[in-house]
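What follows is a short report on a single structure.
Chain identifiers are assigned alphabetically (A, B, ...) following the order of the sequence lines, protein sequences preceding nucleic acid strands; residue numbering begins at 1 within each chain. These numbers were taken from a predicted model, which means no experiment stands behind them.
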Amino acid sequence: MQAGMAFENAPPFIAPLRFFLTAPLFAALAGLLIAVDGGDLFASRWTPGALAATHLITVGFMLQTMLGALIQILPVLAGVDLVNPLRLAQVVHLGLSAGALLLVAGFLFGQPVLLGLAALVLCLSVVSFLAVVMRAMAGVPSTSPTIRGIKIALFGLAGVVGLGAALALALANGWAWPLPALADLHAGWGLGGWAGVLLAAMAYVVVPMFQLTPGYPVRPSWWFPVVMLAMLLAWSLAVLADWAWLVRLSQLVAAMAGIGFAGLTLRLQSKRRRARSDATYRFWQLGLGSTIFALFLLLTAALWPAAGDIEGWAPAIGVLLLAGGFLPFIAGMLYKILPFMAWLHLQNCGMARVAAPAMNKLLSEADSERQMRAYFLAFAVLLAAVIFPDWLARPAGLLFALANGWLYWNLFGAFRRYRLAEADIVQKLASK
Amino acid sequence: MWQTFHEIPDMTSIRSLMTDDHRHCDDLFAEAEMAIGKNNLEAARAAFDHFRTAMLAHFACEEKTLFPSFEAKTGMSMGPTQVMRMEHVQLRALFDDAARALGDGNTDDYLGIADTLLIMMQQHNMKEENILYPMCDQHLSGEPSLIEQLETELCEA
């Protein structure tokens, strides 16, 4: 049988779920950290608070959900057979959670030991993930932009984690490396080569599926991941050779590619055949708008480097890209994927003899929409806090913590209802 | 692998015929949802009825004509067609649930079931369009009368 035809390959629900239920807590922690640290956090990208909050979001929220989702979706999408997905999920989930906390503690308390330990734990977790996934994917031909995108993204993941670990060790041991240039490159690999490419690869599938939009056109979808990878390789070479012009050129092209992808997605969404605007759709609209804005700032700084030195420029890009872009994209997908997976598992559990409750009985639209509004507000205040950090950083942090805690509460509620429904189905089957 | 990424398929292929029918069904589904959005329950019932009739005709055409031809030619009777049949069962149950909710005038229930139905249907269609139909085209290319037969069956619905 050809790949991707069966759900039977899909791992147990708990494998991805453990990632999805932990991730929002890390984002909430980032909010609390901003609330405690106050305006100081926005003073520069390099404050311990800013580094810690950024990694709570990127490692704690994004990396968690992305690896969890891949463990779930790779068998279904690419037909790959992950050996023992439950064990893999356990190891990677534990490693990422512990590693994120160690890293954040290392930044906040300036402890070299913690930074070194974090680098080790995160590296080991990601390497064990990559070892299993790459071996499983080795024989899978790149027959679609999604599969090729995932492969390129995995390469990006190796890049961002390798650079990150090297940076942590350099910081811990006081090596005389050009840290700002390397940190920029690390962010480029993480947000462009890994997260950006993976997001695009997923968007090719889920945007038409959730919104009934036309499909992504062939050529741009094939080329986006390749262009991104090429630009990051060029950027890496530029840092090694100390060619400032090539750094700026590769940033410029990467930003333009990102804007192109986001703009194309906006255009496809405008042609959707669904009349309803649900939380997923609105989260994606926010994500696309905010990403385009962030990439324009990046592009401006690549053309005119002095702009990058304007106070608040870099923190604004961070807030727009992370809190305005990736977090909403992921939250929007979680609101569809988690209840659908729960429904599918219940459906299989009922063996066509006991009906499974529909998705909105597991996670109601009203609950998602209320949380979405809270999140939009938190994002707006957070963005304003970049300009008025002294006044707004603390309330923004609290709102951000609240909105992400709420996301956790909604997802956990769906899980709780799933468990109740499962018990109910088992009981009904037994009495039939 | 996904339909939209390939070159424009041959207009007389099984894949293009069946994929066009999927899109036609999508349109009917969207119409029902739009009618609900306008609080027009009668129109929503009519549109959903259309949608369900079209989907059931599509399933029937696959289960009675396309899948048996594929199975006879390839000898794969427990393969992809079997998985597709199982998903048809799940989808039929969702059609019934959705029709019942609409019949009772319970729009909230309907929208919830419709969301589940949409994702289930889309991922099902994607597997057919990108894996099964190309396999059918590959193995059944020597039988042009089959496409005519499929076309007739879909039109009769």
Legend entry - Heavy-atom side-chain contact between A:Val206 and B:Gln123 under 4.5 Å: no

Inset, instruction - Evaluate side-chain contact (heavy atoms from CB on, under 4.5 Å) for A:Trp343 paired with B:Leu94, printing each intermediate quantity in order. - result: CA-CA 12 Å; A:Trp343 175 82; B:Leu94 282 169; 3.7 Å; yes

Taking atom [atom1] of [X] and atom [atom2] of [Y], what is their separation to the nearest 0.5 Å?
X	Y	atom1	atom2	answer
A:Arg274	B:Glu33	CZ	CD	4.0 Å
B:Arg23	A:Leu212	CZ	CG	8.0 Å
B:Glu31	A:Arg273	CD	CZ	11.0 Å
A:Leu344	B:Met120	CG	CE	6.0 Å
B:Leu118	A:Gln211	CG	CD	9.0 Å

Does [X] have more than 12 heavy atoms from other residues, nucleotides or ligands lying within 6.0 Å of its [atom1]?
X	atom1	answer
B:Arg92	CZ	yes
A:Gln427	CD	no
B:Arg85	CZ	yes
A:Phe155	CZ	no

Inset, instruction - Identify which of B:Asp115, B:Val89, B:Ile113 forms the greatest number of heavy-atom pairs closer than 4.5 Å to chain A. - result: B:Asp115

Inset, instruction - Below 4.5 Å from any heavy atom of chain A, which atoms of B:Ile36 appear? Answer side chain, backbone, both or neither. - result: neither

Legend entry - chain A contact via B:Asp97 - which portion, at a heavy-atom distance below 4.5 Å: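 Contact with chain A is absent: no heavy atom of B:Asp97 under 4.5 Å.
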
Inset, instruction - Answer yes or no: is there a donor N or O on one side and an acceptor on the other, between the side chain of B:Thr116 and the main chain of A:Met359, under 3.5 Å? - result: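 Yes; at least one donor-acceptor contact below 3.5 Å.
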
Legend entry - Charged N-O contact under 4.0 Å between B:Asp108 and A:Lys361: no

Legend entry - Derivation and outcome, side-chain contact (heavy atoms from CB on, under 4.5 Å), residues A:Glu365 and B:Leu111: CA-CA 10 Å; A:Glu365 190 112 316; B:Leu111 290 174; over 6 Å; no

